[in-house]
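Reading through the structure tokens given below for one structure.
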Amino acid sequence: MGKEKVLLLDGNSLAYRAFFALPLLTNESGIHTNAVYGFTTMLQKILEEEKPTKILVAFDAGKTTFRHESYGEYKGGRQKTPPELSEQFPYLRKLIDAYQIKRYEKELYEADDIIGTLAKQAETEDMDVIIVSGDKDLTQLATDQVTVYITRKGMTDIEKYTPSHIEEKYGLSPQQIIDMKGLMGDTSDNIPGVPGVGEKTAIKLLKEYGSVEALYEQIDNMKKSKMKDKLIENEEQAKMSKKLATIFTEAPIDLKLEDIEYPGPNEEEVLNVWQELSFKSLIDKSDYKVEEKETAEISFEIVKDVPDDMLKDVMAVHVEMENEHYHTCLILGFSFTDGERTFYITFEDMQQSEAIKNWLEDESKKKYMSDSKAAQAILKRAGIELRGVEFDLLLASYIVNPAISGDDVATLAKEFGYTDIQANETIYGKGSKWSVPNESTLAEHVSRKAFAIWSLQPIIEEKLKENEQFDLYYDLELPLASILGAMESEGIKVDISTLEKMGGELEKKISALETEIHELAGEKFNINSPKQLGVILFEKLGLPVVKKTKTGYSTAADVLEKLQSEHKIVQYILDYRQLAKLQSTYIEGLIKEVHPEDSKVHTRFQQALTSTGRLSSTDPNLQNIPIRLEEGRKIRQAFVPSQEGWVLFAADYSQIELRVLAHMSNDEALVEAFNVGMDIHTRTAMDVFHVEADEVTSNMRRAAKAVNFGIVYGISDYGLSQSLNITRKEAAQFIDKYLHSFPGVKEYMETIVQEAKLKGFVTTILNRRRYLPDITSRNFNLRSFAERTAMNTPIQGSAADIIKKAMIDMDARLKEEGLQTKLLLQVHDELIFEAPKEEIERLEKIVPEVMENAIQLSVPLKVDFDYGQTWYDAK
DNA sequence: TAAATCGGT
DNA sequence: CGAGAACCGATTTAG
């Protein structure tokens, strides 16, 4: 057993410090958490580094302390604690209790005094002491055995005050810190000190005289000066100030060192508090174990086959898979429940069951599921066509609140207070330790999922109806899931030999550039490492530093472009970057994703991920295939139709977001512009620059285009100045002129922010919601971000609504017309089909018609289209 | 695992 | 005053 180590924490001071040092975080129910968060990260760090054996958190008790007896104005004029902080104290106490750390407060005494008293006691018992506070006053307690930690910004950044550190920093002993404060005072505690004496003067005086008392004993010898007069004049005040600043080390506390023994945290309790406060990063990082959770008993049967009468008209079904890659992974098992009986069956047994297969394919048998798209796709690989999905927990949760993250049933269920499922991690383990458990464990786990879906269905549907979002969910997202599933399963064919050929050529160019760059740099280095590259550019070659990142020099493209004239290596690096990106992401990356059986890529569209309602695409991401630069655009030549005699047909909305803005803002000029079919950027340029159509130069149009983009994103002068490379002032003038020309837009932007503040969320055309808790934040950054989001989300989200509706209408129309054409991809404002050549003529009519009429706006929607032998040719 | 970078709309 | 365009995913380095 080593030496005892005592940790004494100044609770109030640390909470204050954290509150002001960190942005105003909130948890899901809107409670502010930043002070508790800062306290926690600091505590975790110290626990880990110091491993204390005894801990106490001291708090200030009430408003009055013994110091008020001698000086009524003590701590007077203090701002009262902000409510956003006050509300955090109960949670802070709860957290401390969960750590099994003792907390203490005593009438009439401040936390300082409690800490000072215990520190002294511990020292006499020859223990090491660490004091942590945000308040430098405590440094007066430093001795050889007592170290005072003062948190700096960020809370985990700590300055350690030992007597020698204090000596180094101020040239004073710890005891003289009190004298210093006596002389200089402390505005935050309303301690007066001597007027005109600040830190510098106080230190100078103390170096000469040693203490306040010694100073006044010898003051007659001091040579005449203004300062001397001040000192004499304020002698009483200085002495009183010193007294006030002195921490009392003999407070009558009924607490002994034995009482603050630290047994270690109750890990489960700590995790619970973290959960409640949404400290996700801490939960992820920590290795705290949750005690085997008491989950309610569930009865389930493991069956080999299912008699028909067990398969009801409405059931919750869950398909358990190995992982999220449902286009390649295996099914682990199935569970079914009708709320009365729950059963589990393995994939192998299920394949032998005609009854189950028929039931799954029967449209009239209603299924409650979660992520039905994944189930549909994986079942299709097993030769089963899933039909009749009536409820999808994943999609319903996403509509209730798109901020809900996680896609497994346990996580989603928890969002609605349902906790009777264990985390996948506890069942399977994670990383290399992942493994399938024994059958009964697995069966129970999977059964619980089906049961959770069954239990939550009525609650969530009720919530959707209450929010008037049931139609959005049931008529849009749910049918869309099935369409997306079909698109993914169909896949798009990739000609690997084209990619390989391009890769070979790229390889040559890249290695030539590499040689050239190393030559110009005078040494070999990894061009892909921004860190190494930064050293070469800004240290070795001495190029001017335009922008810095958190960790060093920025070497981003916009920075390099500004440096092009400085050194010819810069252009080579830009070229290298561009080609290396193509090679690694779009040649090698894409080839890895091609399924050898069918030479196709089968992306997964994430339907419940983005906060605006857009889709995203993964493995591979087919929504960011290059197009802007010709070299990259050629990648599209590798995407080809799956059959001879077919083509790829692409149709995209023209200016959909600005049209949505015109509709929502009802701005007269904007609506008019779209109604007469003008080029919107030219129109904007005319209004902003006050010129006629034929006087709009290409530069004016370019500027107008950037302004239009800015408007959609929730404009700021800074953002526009960056995108146009102009000054902020000029950008601000552009914006001003724009809003003057389009007053309806101005009004819309103001109204939507107001509405967000009032309701706490914004909505799209089809009533999709996004909650914006930060819209009322006092933190400028957070609030500004929320305001821009309030402006952008209804626009981006409504555009997403429109194309989703178009996909559903398009799917229906293709079926109606008996066409073979297949929808393959969606790229935010664009749909890509493959079609037999014979159907092109009809598609040229149908596709624009369906897309343009998906939702009626007060301005027309316009669709452009093209087709060709490859995606490249369908421009 | 986080940060930097860059591809798309 | 502040510090900032909206929404994504993949690859690479570096700790």
Side-chain angles (χ1 to χ4, degrees), chain A residues 23 281 284-285 402 431 525-534 547-560 573-574 576-590 592-593 603-606 609-629 631-633 635-636 652-658 661 706-724 728 731 735 770 777-797 799-800 803 825-830:
Chain A
S281 60
D284 292 345
K285 255 191 284 179
F525 68 101
N526 188 342
I527 308 169
N528 285 319
S529 161
K531 196 178 167 191
Q532 294 181 33
L533 180 61
K547 197 167 77 179
K548 291 193 128 193
T549 66
K550 227 183 283 178
T551 54
Y553 313 109
S554 168
T555 67
D558 61 327
V559 171
L560 296 186
I573 291 166
L574 284 167
Y576 175 90
R577 282 252 180 94
Q578 191 203 330
L579 300 186
K581 176 88 177 179
L582 290 178
Q583 183 77 302
S584 67
T585 306
Y586 297 103
I587 301 288
E588 292 165 357
L590 202 50
K592 277 187 214 143
E593 294 292 339
T603 189
R604 295 191 325 276
F605 288 106
Q606 307 297 326
L609 186 148
T610 72
S611 32
T612 54
R614 275 189 176 181
L615 302 176
S616 85
S617 156
T618 55
D619 302 311
N621 179 355
L622 295 179
Q623 292 181 320
N624 73 341
I625 302 300
I627 190 165
R628 297 183 53 227
L629 301 171
E631 297 95 314
R633 189 174 200 157
I635 298 283
R636 295 179 173 229
D652 69 292
Y653 283 108
S654 157
Q655 305 297 350
I656 188 167
E657 292 188 335
L658 285 173
L661 174 62
V707 173
N708 279 329
F709 263 90
I711 291 294
V712 169
Y713 290 158
I715 195 121
S716 75
D717 49 10
Y718 180 84
L720 184 63
S721 75
Q722 288 295 298
S723 101
L724 280 174
R728 225 172 78 170
I735 294 167
R770 179 174 186 179
S777 169
R778 278 146 304 279
N779 177 307
F780 178 86
N781 268 333
L782 289 181
R783 189 178 62 248
S784 300
F785 188 68
E787 286 170 356
R788 291 199 296 276
T789 309
M791 299 186 248
N792 170 264
T793 295
I795 300 173
Q796 193 183 112
I803 194 163
L825 302 175
Q826 187 250 46
V827 190
H828 308 307
D829 66 352
E830 184 183 13

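Nothing here was measured: the structure is a model prediction, and the numbers come from that model. Letters A, B, ... are given to chains in the order of the sequence lines, protein chains preceding strands, and every chain is numbered from 1.
For the P atoms, the distance from B:dA4 to C:dA5 is 13 Å, rounded to whole Å. Distance check on atom P: C:dG4 versus B:dT5 gives 15 Å, rounded to whole Å.
Look at A:Ser616 and you'll find a side-chain N or O under 4.0 angstrom from OP1 or OP2 of C:dG9. Residue A:Arg770 places at least one side-chain N or O under 4.0 Å from the OP1 or OP2 atom of C:dC7. Within the structure, a side-chain polar atom (N or O) of A:Ser529 is placed less than 4.0 Å from OP1 or OP2 of C:dA14. Side-chain nitrogen and oxygen atoms of A:Arg788 include at least one within less than 4.0 Å of the OP1 or OP2 phosphate oxygen of C:dA6. Remark: A:Asn526 is in phosphate contact with C:dT13, judged by side-chain N or O atoms under 4.0 Å from OP1 or OP2. The phosphate of C:dA14 (OP1 or OP2) has a side-chain N or O of A:Gln532 nearer than 4.0 angstrom.
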* **Per-nucleotide pairing state of DNA chain B [Watson-Crick or G-U, under 3.5 Å; [ ] pseudoknot-crossing; | other strand]** => |||||||||

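Comparing atom distances between the A:Arg728 side chain and each of C:dG15, C:dC8, C:dG4 picks out C:dG4 as nearest. Distances from the side chain of A:Thr612 to the nucleotides C:dT13, C:dC7, C:dA10 place C:dC7 closest. Comparing C:dG4, C:dA5, C:dA10 by their closest approach to the side chain of A:Thr585 singles out C:dA10.
Using a 5.5 Å limit on the distance between ring centres and a 30° limit on the angle between planes, the aromatic ring of A:Tyr718 counts as stacked on the six-membered base ring of C:dG4.
In this structure, A:Glu657 and A:Ala799 approach most closely via the heavy-atom pair CG-CB, 4.1 Å. Closest non-hydrogen pair, A:Val712 versus A:Asn792, comes out as O-ND2, 2.9 Å. When all heavy atoms of A:Pro402 and A:Thr610 are compared, the closest pair comes out as CB-O, 3.8 Å. In terms of heavy atoms, A:Asp717 sits closest to A:Arg728 at CB-O, 3.8 Å.
Between the side chain of A:Thr603 and the main chain of A:Thr618, a donor-acceptor pair closer than 3.5 Å is present.
Within the nucleic acid shown, A:Asn624 comes within 4.0 Å of at least one base atom, counting heavy atoms only. If you check every strand for non-hydrogen atoms under 4.0 Å, A:Ser611 touches sugar and phosphate atoms only.
Residue-to-nucleotide contacts include no donor-acceptor pair under 3.5 Å from the side chain of A:Arg604 to the base of C:dG9. For A:Ser723 against C:dA5, a side-chain N or O and a base N or O form a donor-acceptor pair under 3.5 Å.
Within the model, atoms CG of A:Leu560 and NZ of A:Lys547 stand 10.0 Å from one another, a figure rounded to the nearest 0.5 Å.
In summary, contact between chain A and DNA chain B, defined as any nucleotide atom under 4.0 Å from a heavy atom of the protein, begins and ends at B:dA3 to B:dT9 in the 5' to 3' direction.
Residues that satisfy the side-chain contact (heavy atoms from CB on, under 4.5 Å) test with A:Asn621, not counting sequence neighbours, are A:Ser617, A:Gln623, A:Asn624.
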